[in-house]
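To start, the structure itself, in structure tokens.
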Amino acid sequence: MTEANPNSTPSLQMHIDSDGIALLTFNRPEAHNALDLVTMHAFANAVEQLYMHLEDLRAVIVTGAGDRAFCSGADLDEMRYRNTEADAREMSAVMGDALLRLERLPVPVIAAINGFALGGGSEVALACDLRFADERVKMGFVHMNMAVTPSWGAGQRLQRLVGYAQALQIFLESQTMRAQDLAQLHLVNAVTERHKALDYAMHYARQIAAKPADTVRGMKAMLQIGLQQSYEEALTFERELFTALWASPAHDKAVEAFFSKSFDKQNERRNGQPSQDLYNGPDDADSAPDDE
Ligand SMILES: CCCC(=O)SCCNC(=O)CCNC(=O)[C@H](O)C(C)(C)COP(=O)(O)OP(=O)(O)OC[C@H]1O[C@@H](n2cnc3c(N)ncnc32)[C@H](O)[C@@H]1OP(=O)(O)O
């Protein structure tokens, strides 16, 4: 089932499929998916809608329509007439809050960067947990070119990802970066063949969706808490999280699967016959590295 969400708007599409994978698509390809205020509000509403579907949600993907752009940032056509401090505050609040809410979702959020990600578009990508970039991607924190600083959170997020000096250099130079540069800086998790960023993200999300849901959420929460609380508090959280998961049915099931596999392997050795019911679950430890 792919549910066309009633909260989709012409410029922001939202779908949640039967695996619990939500897809948010900026849909203004004629303007390289630039965000006007209507689209910013639609995006913020869509993120709030995700909080209404938390129980079934497994992963979220953000991408741009067409094959040229993820998002080219704020809509400059509109923004040239919205140049007061009040306008700036409104735009920063809508997108800043929406991206924080996106980042705080309990499930992994993936940016499928299918082309230009510039200015505010690069800020959206940075608010995602994972970034997969088309090999033709051009991503840039180009705010300096418009004589502004970031305001949707990229100042803090970039610094955390690449460190103070590297972040300052990137903001000062205001260059667009290619996929290989982004990979070298660890700003993207993987570079895909051209036109394949979304397919890659979907495939990845389905693999996540097949893993134990509470453990997936736990992994994200464990790392997020370290960014938000003290070291000691985060260590305590990590221990408590582990304790809860250790005593969970999912852990029992995984341990049982391990032993039934060993049992099957022993039988195989004894009979020289492959077992018919080898455990081949999605989180099978024998799966190929590129399936991980
Ligand atoms: C806190 C937020 C701060 C910000 O986001 S400030 C904005 C930062 N973004 C930018 O500076 C990117 C501006 N765009 C560009 O540099 C170029 O359009 C870009 C992405 C390199 C693509 O270049 P080209 O392939 O030559 O395409 P093009 O320029 O002819 O663009 C095609 C159509 O898209 C439009 N477009 C692209 N980026 C836009 C934007 N951000 N706001 C409004 N419209 C935008 C562009 O005007 C053009 O429209 P049209 O076909 O002439 O009607």
Side-chain angles (χ1 to χ4, degrees), residues 9-13 24-44 46-47 62-103 111-128 131 133-161 167-182 187-188 194-195 197-198:
T9 68
S11 61
L12 193 284
Q13 304 280 307
L24 303 188
T25 308
F26 298 120
N27 189 36
R28 300 187 69 216
E30 70 287 355
H32 286 318
N33 299 317
L35 304 186
D36 55 8
L37 215 51
V38 167
T39 310
M40 292 181 199
H41 280 286
F43 178 72
V47 172
V62 182
T63 196
D67 61 0
R68 296 217 51 214
F70 173 74
C71 170
S72 62
D75 185 313
L76 295 169
D77 262 350
E78 184 180 69
M79 296 307 152
R80 70 202 293 198
Y81 303 111
R82 288 183 167 272
N83 57 358
T84 67
E85 287 192 7
D87 293 326
R89 273 187 222 292
E90 181 182 1
M91 177 173 61
S92 305
V94 174
M95 282 309 288
D97 291 352
L99 291 179
L100 186 58
R101 293 282 283 166
L102 182 76
E103 184 178 48
I113 313 174
N114 53 318
F116 292 112
L118 299 174
S122 62
E123 300 206 54
V124 173
L126 227 56
C128 298
R131 283 163 290 283
D134 184 298
E135 64 183 12
R136 303 158 308 137
V137 95
K138 287 188 184 163
M139 179 162 157
F141 299 88
V142 294
H143 304 70
M144 179 71 87
N145 298 344
M146 297 291 155
V148 292
T149 50
S151 76
W152 302 352
Q156 309 321 310
R157 293 189 179 105
L158 187 64
Q159 167 161 231
R160 284 169 174 206
L161 282 167
L168 185 58
Q169 186 180 349
I170 289 171
F171 286 132
L172 290 176
E173 292 179 0
S174 206
Q175 301 286 329
T176 53
M177 294 174 275
R178 292 180 179 274
Q180 291 312 325
D181 305 325
L182 295 164
L187 278 177
V188 297
R194 53 182 56 206
H195 309 307
L198 181 56

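Remember, it's 1-based here, ligands and their atoms both numbered in the order they're listed. The structure displayed is predicted, hence computed values, not measured ones.
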Enclosure of R136 CZ (heavy-atom neighbours >12, cutoff 6.0 Å):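 More than 12 within 6.0 Å, yes.
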Please confirm whether the backbone N or O of [Y] pairs with a side-chain atom of [X], one donor and one acceptor, at under 3.5 Å?
{"X": "E78", "Y": "L37", "answer": "yes"}
{"X": "N114", "Y": "A69", "answer": "yes"}
{"X": "S72", "Y": "A31", "answer": "yes"}
{"X": "N33", "Y": "A65", "answer": "yes"}

side-chain hydrogen bond (donor to acceptor under 3.5 Å, both in side chains) contacts touching residues 145-156 (sequence neighbours left out):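 Qualifying pairs, neighbours excluded: S92-S151, N145-S174.
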Protein N/O near ligand 1 N/O, under 3.5 Å, which pairs?
unit_1   : atom_1 : unit_2 : atom_2 : d
ligand 1 : 5 (O)  : A74    : N      : 2.9
ligand 1 : 5 (O)  : G120   : N      : 2.8
ligand 1 : 9 (N)  : S72    : O      : 2.9
ligand 1 : 25 (O) : R68    : NH1    : 3.3
ligand 1 : 25 (O) : R68    : NH2    : 3.1
ligand 1 : 27 (O) : H32    : NE2    : 3.2
ligand 1 : 34 (O) : E30    : O      : 3.4
ligand 1 : 38 (N) : S72    : OG     : 3.1
ligand 1 : 41 (N) : S72    : O      : 3.1
ligand 1 : 41 (N) : S72    : OG     : 3.3
ligand 1 : 41 (N) : A74    : O      : 3.1
ligand 1 : 42 (N) : L76    : N      : 2.8

